[in-house]
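Convention: sequence-line order gives letters A, B, ...; per-chain numbering from 1. In what follows, every heavy atom counts, from backbone to side chain, and hydrogens, waters and symmetry copies are set aside.
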There are 2 protein chains.
Amino acid sequence: MSDDTRQKVIDSARQLGYRVNFLARSLQSRSSGLVGIVASRLDTPYRATQVRAAAREFLANGFTPILVTAEGGEDQSGLVERLLNYSVSGMMITSGTPSNSIIDECAQLNVPVVLINRNVALEGADHVLIDVDAAGQLAFDMLVERGGQRFAVLQPRDRTYSVLGRASAFSDRCRAAGYCVDVLEVDSQDYDAGLAAADGFVQQSMADSVFCTTDLLALGFLDGLRVRHGVSVPYQVQVLGFDDIPQAAWLSNSLSTIWQASEDAATEAVNLILERITDPTRPHETFHIPLRPVHRGTTRKARP
Amino acid sequence: MSDDTRQKVIDSARQLGYRVNFLARSLQSRSSGLVGIVASRLDTPYRATQVRAAAREFLANGFTPILVTAEGGEDQSGLVERLLNYSVSGMMITSGTPSNSIIDECAQLNVPVVLINRNVALEGADHVLIDVDAAGQLAFDMLVERGGQRFAVLQPRDRTYSVLGRASAFSDRCRAAGYCVDVLEVDSQDYDAGLAAADGFVQQSMADSVFCTTDLLALGFLDGLRVRHGVSVPYQVQVLGFDDIPQAAWLSNSLSTIWQASEDAATEAVNLILERITDPTRPHETFHIPLRPVHRGTTRKARP
DNA sequence: TTGAAAGCGCTAACAA
DNA sequence: TTGTTAGCGCTTTCAA
């Protein structure tokens with residue numbers, strides 16, 4: 001095509017306000033460039049970071065993310081259906097408990113699905129998750145290394161794979177090493193649940209080291225101990241969180257916790273989708289999110 | 001159509017795994033059902049709440065939200081362009097400073113745009129924003145009512161309309177009432193900026209009442225005062241935030257602040273879009289987000 | 001009640 | 001290099 005014509009076309013296009021219609025394009029090209037992000041509780045710092053990183057990665061790779069949020073009551077499968085109606089090129093599920101049937105449906109339609117911290121039993125999808133056993137082990141090591149002798153763990157009642165998993169891995173590890181561990185059930189994974197748990201804890205538990213399965217839970221628990229009950233942290237009780245949300249590092253909290261590489265997780269999730277788009281037959285993979293201990297002010301000083 | 005045939009069609013559809021293609025449908029119906037959410041800093045609690053509420057509202061009204069995130073460096077207009085390529089039925093911009101030309105383009109294409117807390121000078125869009133004058137006035141009233149006599153305000157250097165607006169409205173109000181007000185410039189609107197500001201504050205300012213233009217800023221400032229400098233809040237210095245994010249209510253912070261009805265704002269934004277879809281010619285509206293004073297532990301006790 | 005056909009905006013293939 | 005055509009999956013219209 002001659003440069004001359006090219007320019008003429010471009011000019012008139014601009015003049016007419018021409019704009020490519022991706023929707024029409026996708027009809028022919030069989031690829032919409034849309035991807036789905038299924039998330040809930042976007043208002044928790046951890047989830048917000050995760051979704052932000054995922055959206056960024058998708059956009060950077062030329063995909064356009066649709067955000068569907070499933071808060072408690074709503075129908076998760078309905079949302080996935082909706083995504084399929086929009087012919088998404090892939091989706092990332094980071095909330096809820098997707099049913100096997102819905103994953104199968106995606107597989108049949110050749111829509112790559114990456115599950116973040118969802119039940120590993122689900123075949124037909126790639127997984128990005130923390131190694132719950134390693135997490136439980138690390139939590140135990142961090143607390144025992146700082147002088148913990150009696151342990152407790154806050155275990156959310158809702159059956160989220162990763163949260164529940166690390167709680168029980170922690171308990172198992174304690175018991176295996178011959179220590180006592182109190183399991184305190186809590187209603188949810190947020191600040192208020194942690195706060196409430198502190199009330200029960202001071203009455204019932206003799207533990208000197210508490211593993212809270214999320215930072216939000218830990219921060220509520222910490223406030224309950226310190227503000228409501230005058231417990232000295234970390235001298236009377238050590239508190240350990242999980243996630244390393246920004247608030248954990250705030251001076252007034254200085255929460256010791258376990259950092260997880262959420263950014264890496266997002267990048268990896270996007271990569272897994274991209275790779276499966278190019279080769280839908282490749283075997284399913286599981287990526288373990290790196291963890292790192294972060295000792296701050298709610299665990300005791302390391303002994304020399 | 002006979003019930004018999006209907007059932008037969010539905011059955012075979014199911015068997016074949018038939019699924020409506022919304023993209024193809026939109027080609028004909030001239031409406032994609034997609035809407036855009038342009039946001040940045042999704043990892044701040046305030047923005048996360050806002051985006052979550054917006055997504056929920058869109059979904060509840062049968063729209064499917066595309067989330068595009070523009071962090072600092074990136075090209076905001078590129079993202080809007082992309083949304084237009086996907087023939088969104090409307091969009092909500094809650095970050096960045098959309099240029100006039102881009103808004104005009106949307107208007108020309110008949111794509112409703114709602115700006116949340118963006119510069120009011122932009123015509124051709126509906127607005128949802130806080131009344132900055134009322135906000136400044138309220139902040140002043142709250143502090144003066146609790147015995148404030150010398151004031152300071154943390155004013156972010158970046159020129160966000162609503163944040164900057166309430167800072168200067170506050171200063172104006174102080175001066176108009178014959179009080180001194182120190183204006184402390186800060187680099188951003190987050191925790192770290194607030195923390196850093198506390199260092200400068202204790203050296204330079206004699207103020208007894210500080211208005212921080214966001215809660216995040218306030219919480220950093222508070223930690224700086226209390227933890228780093230041993231300042232007694234609220235007795236030596238009162239601190240007032242803005243937004244009422246969940247962390248403000250945490251026991252260890254107990255931050256006095258100004259609550260804004262973010263949920264209402266989201267609902268209203270979606271409504272404005274819906275209404276403009278049905279009647280594109282209606283005059284542009286501005287909805288003011290309701291505010292409410294929330295006294296907690298960082299302002300002094302009310303005098304009887 | 002059912003069937004057939006046109007066309008939405010685009011891409012891909014082929015012909016000129 | 002340029003022009004033409006068919007067809008992506010759907011809705012709408014008109015005909016049977």
Side-chain angles (χ1 to χ4, degrees), chain A residues 1-36 61-66 68 78-91 102 105-112 274 277-278 280, chain B residues 1-36 61-66 68 78-91 102 105-112 274 277-278 280:
Chain A
M1 168 171 42
S2 74
D3 255 16
D4 204 34
T5 330
R6 158 175 244 103
Q7 200 51 50
K8 230 191 298 191
V9 171
I10 291 178
D11 285 351
S12 359
R14 174 152 316 150
Q15 200 151 22
L16 294 167
Y18 173 78
R19 175 172 296 286
V20 190
N21 183 332
F22 283 6
L23 269 30
R25 169 184 290 177
S26 75
L27 213 53
Q28 181 73 325
S29 65
R30 326 290 304 179
S31 160
S32 65
L34 294 168
V35 287
N61 283 281
F63 287 93
T64 302
I66 291 180
V68 297
L79 294 174
V80 175
E81 296 283 343
R82 196 194 294 222
L83 290 177
L84 293 176
N85 283 334
Y86 278 107
S87 314
V88 290
S89 304
M91 68 178 89
I102 214 121
E105 197 168 0
C106 294
Q108 228 156 43
L109 291 168
N110 232 315
V111 175
L274 293 181
I277 287 173
T278 47
Chain B
M1 166 171 40
S2 73
D3 256 15
D4 203 34
T5 329
R6 160 175 245 105
Q7 200 51 49
K8 228 189 306 186
V9 171
I10 291 180
D11 285 349
S12 359
R14 174 150 317 147
Q15 199 152 22
L16 294 167
Y18 174 79
R19 175 172 296 288
V20 191
N21 183 331
F22 282 7
L23 270 28
R25 169 184 289 177
S26 76
L27 212 54
Q28 182 74 325
S29 64
R30 325 291 304 179
S31 161
S32 65
L34 294 169
V35 288
N61 282 280
F63 288 93
T64 302
I66 290 179
V68 295
L79 294 174
V80 175
E81 297 283 345
R82 193 193 297 221
L83 290 176
L84 292 176
N85 283 333
Y86 278 106
S87 313
V88 289
S89 304
M91 68 178 90
I102 215 124
E105 197 168 0
C106 294
Q108 229 157 42
L109 291 168
N110 234 316
V111 175
L274 293 181
I277 287 173
T278 47

Suppose the criterion is salt bridge (charged side-chain N to carboxylate O under 4.0 Å, His left out): which pairs have a residue in residues 80-90 of chain B, not counting sequence neighbours?
Arg19(A)-Glu81(B)
Grab the CZ-P distance between Phe22(A) and dG9(D) for me, whole Å please.
20 Å
Can you list the residues that meet the side-chain contact (heavy atoms from CB on, under 4.5 Å) rule with Asn61(A), with sequence neighbours excluded?
Glu57(A), Phe63(A), Val270(A), Leu274(A)
Can you sort out the partners of Gln7(B) under side-chain contact (heavy atoms from CB on, under 4.5 Å), two or more places apart, ordered by chain and number?
Ile10(B), Asp11(B)
Using the side chain to side chain donor-acceptor pair (under 3.5 Å) rule, collect all pairs that involve residues 25-35 of chain A, keeping only residues at least two apart or in two chains.
none
How many Å lie between CG on Asn85(B) and P on dG9(C), as a whole number?
15 Å
Of the listed nucleotides dC10(D), dG9(C), dT11(C), the one nearest the side chain of Val20(B)
dC10(D)
Check side-chain contact (heavy atoms from CB on, under 4.5 Å) between Leu27(B) and all other residues, then give those that pass, not counting sequence neighbours.
Asn21(A), Ala24(A), Leu27(A)
Would you tell me if any nitrogen or oxygen in the side chain of Tyr86(B) comes within less than 4.0 Å of OP1 or OP2 on dG9(C)?
no
Inter-end axis angle, the helix from dT1(C)-dA16(D) to dA16(C)-dT1(D), with every axis fitted to five base pairs (rounded, 10 degrees)
50°
Polar pairs (N or O, both sides) under 3.5 Å between protein and nucleotides 14-16 of chain C?
none

Starting at atom CG of Asn21(B), determine the distance to atom P of dG9(D), rounded to an integer number of angstrom.
7 Å
Applying side-chain contact (heavy atoms from CB on, under 4.5 Å), name anything that partners Pro112(A), two or more places apart in sequence or on another chain.
Ile273(A), Arg276(A), Ile277(A)
In the 5'-to-3' direction, what one-character label does each nucleotide of nucleotides 1-8 of chain C receive under the scheme B = base within less than 4.0 Å of a protein heavy atom, S = sugar-phosphate only, - = no such atom?
SS----BB
